[in-house]
Colleague: 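Quick one: the structure is below, questions incoming.
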Number of protein chains: 2
Amino acid sequence: MHSNPSQRIDLKGLAQVLGLSMTTVSRALNGYSDVSEKTRRRVEKQARLLGYTPNAQARRLTSGMTETIGFVLGDVSGYYDDPYFAQLLAGMSEVLTRLNYDLVISTRGAGGDPLGGYRRLVDERRVDGIVLDRTRRDDERIAFLLEAGMPFVSFGRSEVSGDHAFLDADCEEAGYIATRRLLGLSHRRIAFLGAPRGYMFNHLRLRGYERALNEAGLDIDPQLVTVTAYEEEGSFHAATGLLRLDHPPTAIVCIDDMAAMGAIVAVRSEGLEVGEDVSIIGYNDIAPAALMDPPLTTVRIDSRAAGRRLAEMLLAVIAGRPASVFQEVWAPTLVVRSSDGPAFASRLYPTGTPPLATTPDQPLPAGEA
Amino acid sequence: MHSNPSQRIDLKGLAQVLGLSMTTVSRALNGYSDVSEKTRRRVEKQARLLGYTPNAQARRLTSGMTETIGFVLGDVSGYYDDPYFAQLLAGMSEVLTRLNYDLVISTRGAGGDPLGGYRRLVDERRVDGIVLDRTRRDDERIAFLLEAGMPFVSFGRSEVSGDHAFLDADCEEAGYIATRRLLGLSHRRIAFLGAPRGYMFNHLRLRGYERALNEAGLDIDPQLVTVTAYEEEGSFHAATGLLRLDHPPTAIVCIDDMAAMGAIVAVRSEGLEVGEDVSIIGYNDIAPAALMDPPLTTVRIDSRAAGRRLAEMLLAVIAGRPASVFQEVWAPTLVVRSSDGPAFASRLYPTGTPPLATTPDQPLPAGEA
DNA sequence: TTTGACGCCCAAAGCGCTTTGAGACTATCA
DNA sequence: TGATAGTCTCAAAGCGCTTTGGGCGTCAAA
């Protein structure tokens, strides 16, 4: 009867079969030292034989741990169409599964409350910890979770970041190296195709862009700094706007590869050649980047590895390690492919090579191709 | 003390404050009819006041419902880089959150067991139901879940599909209309750039492709039917192989938009023009499809809506509705953009327009551009 | 021999909820 | 008036596990 494999067996049943108490069986299975080796082996064997697996709900109720961590989907669907996101998830799942943790995906839920999804996870004690991404400069989720005492780790920093755990790419560096790359190709009119201002990663990348420009003795032209609504069409329109300026850019630093795709289309639809008339640099190095036409020069960050690390960090924080220990900033790397090229190749300024970095105040040549 | 909002309050505490029994409070909150309207209102008000939310774990243990559904990530990472997947997830989350359900994402786990992730969800009773995707012609997951008595719904059918719930695109129709479209553009050498044979959607789409060809009086050329390893590079290589045949295709039906991207790059790197020398049709209509160069003609299925519907169906099955009631096949629609064009524009067969469908056995002209 | 000190095991008390099976009233009908 | 039928509420029994706080041998040291 109890040996019927299709009949779920519980701890009590298993204990009965073994002629032991539930306590002993439980402790044997959970690796307590006050169970003799011999008994443990006997228990384990029988458990395997009968296909015993503890009921996750019961264990959770008792232990007060949910063995679950949460992730709340933002409401802007465009965010999660990005393959980088799937990679992040996959990376997280990878380590969580290994440790028998679940990853639950929630949404913000109806109503305007941007904390809705988080409240639910916290109030109903559905999770032991939470992963955030797309952090904002002033991120209310961080304040909320901090106050609620819920362990969390964010993919990205924030200006209110205090002692919490985070993993972030060095966004400023990313903006910097992309811009440096273009400066090295003698570009002088370099645009920044960004995400909404509030996002920390946008803020930092813009800073890197500005720093590189300033170091090269160039001023920031506000006309060249745009913000998109974070959808592909947004970046297409924004890029089109840039290209139609009186003094269009010969290069565009894009906030991510998806935006770069939009920019590429915009360049083409203006009758220009990507990598010649206008150089494009993306960010993330999503899988299709290498397969675009032209293959995209981009700044790479390994989302899957980031997902793994985020999960590890969060688990450590849940286990009681101080969150402030886990603050990592990863260096991005430039992946050079073919969407960028020397400025002199651009037909946008046919009167000649753009002015050198050392002569910034010399007026830029006018006229479009 | 009990009114300290930072202090979590439980059912017992709430009952004490109200001077009622836990039973009554519980029943009031859960909408039982044997609680007077007056009491219910009083309970609800106090619960709101004190910020009471039931402990999800406890409720789950008691009720035997986990209020959670599961999704297991396949091991081929390429599958989930596809934006369609994020859409599917988002759609599911949308309806699940509304009904206070969680969506847990798991992975197959280490070891070769392809059912690993599923076993875990089932054995430890972590979920009330499961969503499958990427079904195979002979899908062991279906057999497993059927036997385990775990409610599930699959996105895609299978040849072993019996009475379980599924939602699927009409894949055969999708393959058919894509191929018909190309036939209508007078293409005669039409290739099929597919996924591995075992996948049901691949199987069906191939069938649609073959049917269209046969109806047009054309034979199937096995050389034109390829299978990729389901990564972008795979489709690039497969497409390159096709284009280097002695009699290359003037059109390619791709298994999805990601594969189409690979194919597009392949076409270009062979010095050919997409939409002129070689027409390309994708599948899914992922967000970037409209922004590719050229904008991709594709067969559309609304993944987000599919996600929503899958969740609804699964919830219904969990609630006890017979699974066999929920078997839906959605009609895909052709979205014409610019990656396909008339066969006569192709430089691959400069000797003239390919033979008409009515004269299939006439030998095809040879020679490449 | 007594006293600890281990080593191994167990009964019982929860974890926070839902549900069962009654009980105490009040209203209705014969 | 008693019987019958609601109406509203409650005590207590779990759900399946973990953990606390012993208990009972056995063995070495005193």
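From a predicted model like this one, the values you see are computed outputs, not experimental measurements.
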Colleague: How many whole angstroms separate atom CZ of A/Arg40 from atom C1' of C/dC9?
Modeller: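 About 13 Å, once rounded to whole Å.
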
Colleague: The criterion is salt bridge (Lys or Arg N to Asp or Glu O under 4.0 Å); which residues satisfy it with A/Asp10, sequence neighbours excluded?
Modeller: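 Partners of A/Asp10 under the salt bridge (Lys or Arg N to Asp or Glu O under 4.0 Å) test: none.
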
Colleague: Using atom types as modelled, flag every donor-acceptor pair under 3.5 Å from a side chain in residues 318-328 of chain A to any protein atom, sequence neighbours excluded.
Modeller:
from, atom 1, to, atom 2, distance (Å)
A/Gln327, NE2, A/Gly162, O, 3.3
A/Gln327, NE2, A/His164, O, 2.6
A/Glu328, OE1, A/Arg309, NE, 3.3
A/Glu328, OE1, A/Trp330, NE1, 3.0
A/Glu328, OE2, A/Arg309, NE, 2.8
A/Glu328, OE2, A/Arg309, NH2, 2.6

Colleague: Report the distance from atom CD of A/Glu37 to atom P of C/dC9, rounded to the nearest whole Å.
Modeller: 11 Å

Colleague: Which atom pairs, donor and acceptor, lie under 3.5 Å between side-chain atoms of residues 60-67 of chain A and protein residues at least two apart or in another chain?
Modeller:
from, atom 1, to, atom 2, distance (Å)
A/Arg60, NE, A/Thr66, O, 2.8
A/Arg60, NH2, A/Asp102, OD2, 3.0
A/Thr62, OG1, A/Ala58, O, 3.3
A/Ser63, OG, A/Arg59, O, 2.8
A/Ser63, OG, A/Met65, N, 3.2
A/Thr66, OG1, A/Thr68, N, 3.2
A/Thr66, OG1, A/Thr68, O, 3.4
A/Thr66, OG1, A/Asp128, N, 3.1
A/Thr66, OG1, A/Asp128, OD1, 2.8

Colleague: Could you write nucleotides 19-25 of chain C as a row of B, S and -, 5' to 3', where a protein heavy atom under 4.0 Å of any base atom gives B, of only sugar-phosphate atoms gives S, and otherwise -?
Modeller: BB-----

Colleague: For the helix from C/dT1-D/dA30 to C/dA30-D/dT1, what angle separates the axis at the start from the axis at the finish, each from five pairs, in steps of 10°?
Modeller: 60°

Colleague: Nucleotide range of DNA chain D contacted by chain B, 5' to 3', under 4.0 Å to a heavy atom?
Modeller: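 The protein-touched segment is D/dC8 to D/dG16.
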
Colleague: Identify, with sequence neighbours excluded, every residue that meets side-chain hydrogen bond (donor to acceptor under 3.5 Å, both in side chains) alongside A/Arg119.
Modeller: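 With sequence neighbours excluded, A/Arg119 shows a side-chain hydrogen bond (donor to acceptor under 3.5 Å, both in side chains) to A/Asp113, given in chain and number order.
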
Colleague: Can you sort out the partners of A/Thr39 under side-chain hydrogen bond (donor to acceptor under 3.5 Å, both in side chains), two or more places apart, ordered by chain and number?
Modeller: A/Ser36

Colleague: Which residues pass the side-chain hydrogen bond (donor to acceptor under 3.5 Å, both in side chains) test with B/Arg27, sequence neighbours left out?
Modeller: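 B/Asp34.
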
Colleague: With nearest nucleotides of DNA chain D determined for A/Asn55 and B/Leu20 from heavy-atom distances, which residue corresponds to the more 5′ nucleotide?
Modeller: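 So the residue in question is B/Leu20.
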
Colleague: Mind checking what makes side chain to side chain contact (heavy atoms under 4.5 Å, CB included) contact with B/Asp133, not counting sequence neighbours?
Modeller: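 Checked B/Asp133 against side chain to side chain contact (heavy atoms under 4.5 Å, CB included); matches are B/Phe71, B/Tyr80, B/Tyr84, B/Leu88, B/Phe155.
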
Colleague: Please identify each residue that fulfils side chain to side chain contact (heavy atoms under 4.5 Å, CB included) with B/Glu147, with sequence neighbours left out.
Modeller: none

Colleague: For B/Asp138, check side-chain hydrogen bond (donor to acceptor under 3.5 Å, both in side chains) against everything at least two apart and list the hits.
Modeller: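 Not a single residue meets the side-chain hydrogen bond (donor to acceptor under 3.5 Å, both in side chains) criterion with B/Asp138.
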
Colleague: What closest approach, in Å, do B/Ser154 and B/Leu310 show between heavy atoms, and which atom pair accounts for it?
Modeller: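 Heavy atoms only, the tightest pair is O-CD2, 3.8 Å.
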
